[in-house]
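What follows is one structure encoded as structure tokens, with my remarks underneath.
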Amino acid sequence: MSRKILIIGGVAAGPKTAARARRLDPDAQITVLEKGKYISYAGCGMPFYLSGQIHDFDHLYSTATG
Ligand SMILES: Cc1cc2nc3c(=O)[nH]c(=O)nc-3n(C[C@H](O)[C@H](O)[C@H](O)COP(=O)(O)OP(=O)(O)OC[C@H]3O[C@@H](n4cnc5c(N)ncnc54)[C@H](O)[C@@H]3O)c2cc1C
């Protein structure tokens, strides 16, 4: 029977934990719960979005610029 892993929070630490857990246990059933609207975005980039330097919020999901 596969291991069940529940992760609370899906912005920075949660997805990182899920990815690490997947590498350690390819058969695990991993669930990430996020109470907010967005998952795995760059919160650190929020000031750039709010200041208008980044115009598209979706760019906060990407490691590429532009
Ligand atoms: C404006 C800003 C700029 C920043 N700049 C930098 C920077 O330049 N460099 C740097 O290293 N760090 C920076 N940080 C800090 C960095 O964003 C945080 O350290 C990082 O986001 C922490 O990640 P986390 O996953 O631990 O927590 P969070 O990002 O806070 O994620 C936790 C998530 O858990 C969810 N959650 C909580 N309780 C529940 C529940 N009961 N059920 C479901 N979901 C739940 C929340 O909705 C939240 O989305 C910045 C932060 C901000 C706000």
Side-chain angles (χ1 to χ4, degrees):
M1 198 167 103
S2 62
R3 185 195 324 238
K4 292 183 178 177
I5 300 171
L6 175 62
I7 298 167
I8 311 294
V11 173
K16 172 66 179 175
T17 303
R20 176 73 175 147
R22 171 62 70 226
R23 281 194 286 273
L24 292 174
D25 186 350
D27 298 321
Q29 294 181 47
I30 303 169
T31 302
V32 178
L33 289 182
E34 169 52 53
K35 70 178 179 181
K37 190 174 175 183
Y38 304 102
I39 64 165
S40 197
Y41 70 94
C44 306
M46 194 64 82
F48 300 102
Y49 175 69
L50 294 174
S51 70
Q53 285 180 262
I54 295 175
H55 299 287
D56 188 345
F57 187 87
D58 286 353
H59 289 168
L60 297 181
Y61 293 112
S62 171
T63 54
T65 57

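One-based numbering, in listed order, for ligands and for the atoms of each.
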Task: Ile39, CD1: over 12 other non-hydrogen atoms inside 6.0 angstrom - done: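 No.
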Task: For Ile30, the option from Arg22, Lys4, Arg3 that meets side-chain contact (heavy atoms from CB on, under 4.5 Å) - done: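 For Ile30, the side-chain contact (heavy atoms from CB on, under 4.5 Å) test succeeds with only one of Arg22, Lys4, Arg3, which is Arg22.
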Task: Note, Leu6 side chain near Leu33 side chain (heavy atom, < 4.5 Å) - done: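 Leu6 reaches Leu33 side chain to side chain.
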Task: Contact check, side chains of Ile54 and Leu60, non-hydrogen atoms, under 4.5 Å - done: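 Touching, per the 4.5 Å side-chain cut-off.
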Considering only non-hydrogen protein atoms, determine which one is nearest to [atom] and report residue, atom name and distance to 0.1 Å.
| atom | value |
| --- | --- |
| atom 45 (C) of ligand 1 | Lys35 CG, 3.6 Å |
| atom 53 (C) of ligand 1 | Gly43 O, 4.5 Å |
| atom 49 (O) of ligand 1 | Glu34 OE1, 2.8 Å |
| atom 40 (C) of ligand 1 | Ile8 CG2, 3.4 Å |
| atom 21 (O) of ligand 1 | Ala12 CB, 3.9 Å |
| atom 34 (O) of ligand 1 | Gly9 CA, 3.1 Å |
| atom 26 (O) of ligand 1 | Ala13 CB, 3.8 Å |
| atom 50 (C) of ligand 1 | Cys44 SG, 3.8 Å |

TODO: Kindly indicate whether atom 18 (C) of ligand 1 is approached by any protein heavy atom to under 4.0 angstrom.
DONE: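 Neighbour list for atom 18 (C) of ligand 1 is empty of protein heavy atoms (cut-off 4.0 Å).
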- [ ] Flag atom 31 (O) of ligand 1 as yes if some protein heavy-atom distance to it falls below 4.0 Å, otherwise no.
- [x]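 For atom 31 (O) of ligand 1 the answer is yes, since some protein heavy atom falls inside 4.0 Å.
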Open item on the list: When you group the ILVMFWY residues by side-chain heavy-atom contacts below 4.5 Å and let the links chain together, are Ile5 and Ile8 in the same group?
Closed with: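 Hydrophobic grouping puts Ile8 apart from Ile5.
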Open item on the list: Hydrophobic clusters here meaning ILVMFWY residues chained together by side-chain heavy-atom distances under 4.5 Å, can you tell me if Tyr61 and Val32 are in one?
Closed with: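 Cluster IDs for Tyr61 and Val32 differ.
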- [ ] Output the list of atoms in ligand 1 that are nearer than 4.0 Å to some heavy atom of Pro47, sorted by atom number.
- [x]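 Answer for ligand 1: 1 (C).
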TODO: Check ligand 1 against Val11 and write out every atom of the ligand that is under 4.0 Å from a heavy-atom position of the residue.
DONE: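 By the 4.0 Å cutoff, the relevant atoms are 29 (O), 31 (O), 49 (O).
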TODO: Indicate the ring-plane relationship of Phe57 and Tyr41, choosing parallel, tilted or perpendicular according to the 30° and 60° boundaries.
DONE: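 Plane angle between 30° and 60°, so tilted.
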Open item on the list: For the CD atom of Gln29 and the CE atom of Met1, what is their distance to the nearest 0.5 Å?
Closed with: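 With rounding to 0.5 Å, CD (Gln29) is 8.0 Å from CE (Met1).
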